[in-house]
Amino acid sequence: MKIAILSLGPQLYSTQRLKEAGEQRGHQVDVINTLHCYMDITSNNPQVRYDGEALPKYDAVIPRIGSEITFYGTSVVRQFEMMDTFALNSSIAISRSRDKLRSLQLLSKKGIGLPRTGFACHPDKIGDVIKNVGGAPVVIKLLEGTQGIGVVLGETQNAAESIIEAFMGLNANILVQEFIKEAGGADIRCFVVGGKVVAAMKRQAPEGEFRSNLHRGGSAEVVKLSKAERETAIQSAKAMGLNVAGVDILRSNRGPVVMEVNSSPGLEGIEGATGIDVAAAIIEFIESHTSKQKFSKIGCRIQG
């Protein structure tokens, strides 16, 4: 197969591992800088151009789209889709998961466990927004934040109101969420590939910190999932329409609750903590999916 990886950093761990895993299985794998792609939108002959030439036909594209380039990145993925290239995660699924509010609304509709969440533009009573999610302490999040950036704990009613007012003064879109104290500063990252949890790790925040992101000094270790946690992760990825997803779960007194569904989860932390070859699992899924597509097309031609 010919596989393209859309990535801004060929030197990044996840990009390198996916390239290695694909080449080890005999595939041609090209790393393409997403922002250097440009699109020729022509009837019956859509193309993605790169470095002055039209890119060849790829069997699959692996989007490694950072949140800062979501709009342009998903546009490039969509162009590949117009060329009948299989996208590991579709453009619409990436967009859906990147919108934190939309993703929570979709998860809520599916009955998936969530922390109680409030969203408002300019509420008449900020105190009621806080009260409605269970009162202080509350977690206040910027909708556009990643890797724990833009996530603040309002420990008291006054502190929470002041933080919310400050964010609103900057015209920032924010979520106000219930603080799951019993999680103890830990969360579980479930790595879902093709409707299965292929690896899971527990991330623990450093002392004095409530954010468990590894980028913020958190530690990671292998964790055994309960049946409910495994099913929650699988259903969350399915609700987003993602073939590959990092689903972040907290252990609450009422069962697993989902904090976020990530469409471009990193491989370094999960592979390092678990020793599982997640990159190979992703390539195997692409092989399986593209084989089914080819078989289906051959079957259609025979029937026709």
Side-chain angles (χ1 to χ4, degrees), residues 1-37 48 50-51 53-66 69 73 76-77 79-81 83-91 93-94 189-201 203 214-215 220-223 225 230 233-234 237 242-247 262-298:
M1 287 192 303
K2 286 186 177 180
I3 302 173
I5 301 175
L6 293 177
S7 172
L8 298 187
Q11 77 287 353
L12 296 175
Y13 178 92
S14 298
T15 303
Q16 289 184 345
R17 286 288 298 116
L18 288 165
K19 182 174 173 63
E20 289 170 4
E23 291 177 341
Q24 285 171 2
R25 298 178 69 87
H27 306 301
Q28 176 186 324
V29 184
D30 299 332
V31 178
I32 297 170
N33 187 310
T34 316
L35 293 181
H36 290 186
C37 292
V48 176
Y50 190 78
D51 197 24
E53 298 181 357
L55 286 174
K57 168 67 177 176
Y58 286 100
D59 297 290
V61 59
I62 302 175
R64 298 293 305 174
I65 307 296
I69 63 163
V76 175
V77 176
Q79 186 74 353
F80 276 105
E81 292 168 344
M83 299 162 61
D84 293 325
T85 298
F86 169 63
L88 179 62
N89 279 334
S90 70
S91 56
I94 296 170
R189 162 60 64 89
C190 302
F191 208 108
V192 180
V193 179
K196 298 178 181 179
V197 178
V198 298
M201 64 178 174
R203 303 183 297 190
L214 298 184
H215 292 87
E221 62 182 16
V222 179
V223 66
L225 300 178
R230 187 174 298 274
I234 292 169
L242 294 168
N243 291 314
V244 170
V247 182
N262 192 319
S263 61
S264 291
L267 303 186
E268 186 170 9
I270 195 83
E271 288 192 337
T274 66
I276 295 172
D277 192 343
V278 177
I282 291 172
I283 300 300
E284 287 173 17
F285 172 76
I286 293 173
E287 290 171 344
S288 173
H289 191 279
T290 52
S291 294
K292 288 177 182 178
Q293 279 188 325
K294 289 178 182 178
F295 181 81
S296 175
K297 289 178 181 178
I298 291 171

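- The shortest non-hydrogen separation linking Gly266 to Ser14 is CA-OG, 3.6 Å.
- Open room surrounds CD on Glu53; 12 or fewer heavy atoms of other groups in view lie less than 6.0 Å from it.
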* To do: Output, in order, the C-alpha distance, side-chain angles, deciding distance and verdict of side chain to side chain contact (heavy atoms under 4.5 Å, CB included) for Ile276 and Phe191.
  => CA-CA 11 Å; Ile276 295 172; Phe191 208 108; over 6 Å; no

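- Residues Pro10 and Gln16 come closest through the heavy atom pair O-CG, 3.3 Å.
- Among all heavy-atom pairs drawn from Ala280 and Ala21, the shortest one is N-CB, 3.9 Å.
- Considering only heavy atoms from C-beta on, Thr85 stays 4.5 Å or farther from Asp59 through its side chain.
- In this structure, Ile283 and Leu18 approach most closely via the heavy-atom pair CD1-O, 3.9 Å.
- Under the rule for a side chain to side chain contact (heavy atoms under 4.5 Å, CB included), the partners of Leu8 that lie at least two apart in sequence or sit in another chain are Asn33, Thr34, Leu35, Glu68, Ile69.
- The backbone N or O of Val29 lies less than 3.5 Å from a partner atom in the side chain of Lys19, making a donor-acceptor pair.
- Residues Leu225 and Val197 form a side-chain contact, since some pair of their non-hydrogen atoms from C-beta on lies under 4.5 Å apart.
- No side-chain donor-acceptor contact under 3.5 Å links Asp30 to the backbone of Ala4.
- Shown here for Pro63 and Leu88, the closest heavy-atom pair between the two residues is CD-CB, 4.0 Å.
- By the 4.5 Å heavy-atom criterion applied to side chains, Asn262 and Arg189 are counted as neighbours.
- With sequence neighbours left out, the side-chain hydrogen bond (donor to acceptor under 3.5 Å, both in side chains) criterion links Gln24 to no other residue.
- For Thr15, the side-chain hydrogen bond (donor to acceptor under 3.5 Å, both in side chains) partners at least two apart in sequence or on another chain are Ser7.
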* Would you sort out whether Glu268 and Leu12 count as a side chain to side chain contact (heavy atoms under 4.5 Å, CB included), showing the intermediate values? => CA-CA 9 Å; Glu268 186 170 9; Leu12 296 175; over 6 Å; no

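- Side chain of Asn89 to main chain of Ser263: a donor-acceptor pair is present (N/O by atom type, distance under 3.5 Å, no hydrogens or angles).
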* May I have the step-by-step check of side chain to side chain contact (heavy atoms under 4.5 Å, CB included) for Val192 and Leu242, ending in yes or no? => CA-CA 9 Å; Val192 180; Leu242 294 168; over 6 Å; no

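- When the salt bridge (Lys or Arg N to Asp or Glu O under 4.0 Å) test is applied to Arg64, no partner is found at least two apart in sequence or on another chain.
- Among residues two or more places apart in sequence or in another chain, the salt bridge (Lys or Arg N to Asp or Glu O under 4.0 Å) test is passed with Glu221 by none.
- Evaluation of the side chain to side chain contact (heavy atoms under 4.5 Å, CB included) rule for Ala87 yields Val61, Val77, Glu81 as partners, not counting sequence neighbours.
- Taking Leu55 as the reference, Ile32, Val48, Tyr50, Tyr58, Phe80 meet the side chain to side chain contact (heavy atoms under 4.5 Å, CB included) condition, with sequence neighbours excluded.
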* **Derivation and outcome, side chain to side chain contact (heavy atoms under 4.5 Å, CB included), residues Glu23 and Gln28** => CA-CA 6 Å; Glu23 291 177 341; Gln28 176 186 324; over 6 Å; no

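- Looking at His27, its side chain does come within 3.5 Å of a backbone N or O of Met1 through a donor-acceptor pair.
- Of the possible polar contacts, one joining the Lys57 side chain to the Asp84 backbone as a donor-acceptor pair under 3.5 Å is found.
- With sequence neighbours left out, Arg17 forms a side chain to side chain contact (heavy atoms under 4.5 Å, CB included) with Tyr13, Glu20, Leu267, Glu271, Asp277, Ala279.
- Among pairs with a residue in residues 3-14, none fulfils salt bridge (charged side-chain N to carboxylate O under 4.0 Å, His left out), at least two apart in sequence or across chains.
- With hydrogens and angles disregarded, a donor-acceptor distance shorter than 3.5 Å links the side chain of Thr290 to the backbone of Ile286.
- With a 4.5 Å cut-off on side-chain heavy atoms, Pro265 and Ile270 do not count as touching.
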